[in-house]
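Note sheet for the following structure.
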Amino acid sequence: MNTTSSETHVVLIAEDEAMLRIVAVETLKDEGFTVFEAGDGVSALEELRNHPEIELLISDIKMPRLGGYDLAKNALDLRPDLKVLFMTGYSTESPPDFVRARAIKTLQKPFNVIQLSHAAKTMLGVAPEA
C-alpha cells in the first residue's frame, strides 16, 4: 500500500487505564493519526461497528466488560482485514489460537509511547519521516 503524508490512518485505542489511554491517544494524534478511544471492550466493539474506517485496533488485554482477546475475536469476525496490536502489563499466558495464527504482536507495559507510534506506523505501512 502506498502511503502519502496527506493520507490519514484511523486507529482505535481500547484501554481501561485513563492516563495511559490519554497519552497514547495524544501521541498518535501528534503523529498524524485519526484516533478513536474506548475504556473497555464493549465500548470498543461499538466504536468499530460505528466507524468502518478504523484500520488498526490497539487493545489492552485485561479490561472490564470484555477483555482484549474477546474484543479482538469479535472485531475480526466483524472485520477480517482489521489489524490488531495488544498491550499488557501482565506476563501473558499462552494467547488464544487466533492470536498465534495471525501473529498478533503484544507490547509489554510499561512501554515508551514512541514504541507504540512506531508499531502503529509499521503495521499501517506509514513510511518513516525523512
Side-chain angles (χ1 to χ4, degrees):
M1 172 169 132
N2 283 342
T3 302
T4 64
S5 58
S6 63
E7 206 175 329
T8 300
H9 289 281
V10 186
V11 177
L12 170 61
I13 303 243
E15 169 60 63
D16 60 317
E17 290 181 47
M19 288 307 298
L20 177 55
R21 186 173 65 246
I22 290 166
V23 170
V25 166
E26 290 307 313
T27 298
L28 292 176
K29 281 183 178 179
D30 288 349
E31 292 291 326
F33 291 96
T34 298
V35 185
F36 292 94
E37 60 182 287
D40 63 59
V42 171
S43 300
L45 199 53
E46 193 62 29
E47 289 290 330
L48 284 164
R49 286 188 181 110
N50 292 334
H51 298 283
E53 68 273 24
I54 293 171
E55 302 167 81
L56 171 62
L57 167 64
I58 300 174
S59 178
D60 191 8
I61 292 174
K62 304 276 188 198
M63 289 187 295
R65 296 175 61 195
L66 185 66
Y69 289 143
D70 290 332
L71 166 60
K73 180 77 173 100
N74 284 297
L76 290 166
D77 286 346
L78 184 68
R79 304 247 311 278
D81 60 331
L82 185 70
K83 292 176 175 41
V84 178
L85 175 66
F86 288 119
M87 311 177 283
T88 189
Y90 299 91
S91 58
T92 54
E93 67 281 354
S94 183
D97 289 342
F98 81 93
V99 173
R100 289 192 301 276
R102 287 177 153 261
I104 298 173
K105 293 187 180 354
T106 301
L107 283 177
Q108 287 294 135
K109 295 177 190 175
F111 54 80
N112 182 315
V113 289
I114 302 304
Q115 290 173 287
L116 178 65
S117 174
H118 178 74
K121 287 178 178 180
T122 299
M123 292 179 76
L124 293 172
V126 177
E129 293 181 13

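Fair warning: this is a prediction, and the values are worked out from it, not measured in the lab.
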Arg102 CZ to Asp97 CG distance, which is reported to the nearest 0.5 Å: 13.5 Å

Transitive ILVMFWY side-chain link Leu71 to Val42, under 4.5 Å: yes

Nearest heavy-atom neighbours spanning Ala44 and Ala14: CB-CB, 3.7 Å

Heavy-atom neighbours of His118 NE2 exceed 12 at 6.0 Å: no

Phe33 and His9 aromatic ring geometry - parallel, tilted or perpendicular at 30°/60° bounds: tilted

Taking every non-hydrogen atom, the tightest pair across Leu107 and Phe111: CB-CD2, 3.9 Å

Shortest non-hydrogen contact between Gly68 and Phe86, atoms and distance: O-CE2, 3.4 Å

From Thr8 atom OG1 to Glu53 atom CD, the distance as rounded to the nearest 0.5 Å: 11.0 Å

Intermediate values then yes/no, side chain to side chain contact (heavy atoms under 4.5 Å, CB included), Thr106 and Val99: CA-CA 10 Å; Thr106 301; Val99 173; 5.6 Å; no

Audit row: Ile104, Phe98, side chain to side chain contact (heavy atoms under 4.5 Å, CB included) steps and yes/no: CA-CA 9 Å; Ile104 298 173; Phe98 81 93; 4.3 Å; yes

Transitive ILVMFWY side-chain link Val113 to Val35, under 4.5 Å: no

Value rounded to 0.5 Å, distance of CE in Met87 from CD in Gln115: 12.5 Å

Val25-Val126 co-clustered via ILVMFWY side chain contacts under 4.5 Å: yes

All N/O donor-acceptor pairs, side-chain side in residues 57-65, below 3.5 Å, sequence neighbours left out:
from	atom 1	to	atom 2	distance (Å)
Asp60	OD1	Lys109	NZ	3.3
Asp60	OD2	Lys109	NZ	3.3
Arg65	NH1	Asp40	OD2	3.0

Backbone of Met19 reached by a side-chain donor or acceptor of Glu17 within 3.5 Å: no

Identify each donor-acceptor pair in which a side-chain atom of residues 74-85 lies under 3.5 Å from a protein atom, sequence neighbours left out, and give them as a table.
from	atom 1	to	atom 2	distance (Å)
Asn74	ND2	Asp70	O	2.8
Asp77	OD1	Lys73	NZ	3.3
Arg79	NH2	Pro52	O	3.2
Arg79	NH2	Ile54	O	2.0

Minimum side-chain heavy-atom gap Thr27-Leu116 below 4.5 Å: no

Between CG on residue Leu12 and CD on residue Glu46, distance to nearest 0.5 Å: 11.5 Å

Nearest atoms (heavy-atom pairs only) where Ser117 meets Glu31: OG-CG, 3.2 Å

Gap separating the CZ atom of Phe36 from the CG atom of Leu28, nearest 0.5 angstrom: 13.5 Å

Shared-cluster residues of Ile114, by chain and number - hydrophobic side chains joined below 4.5 Å: none

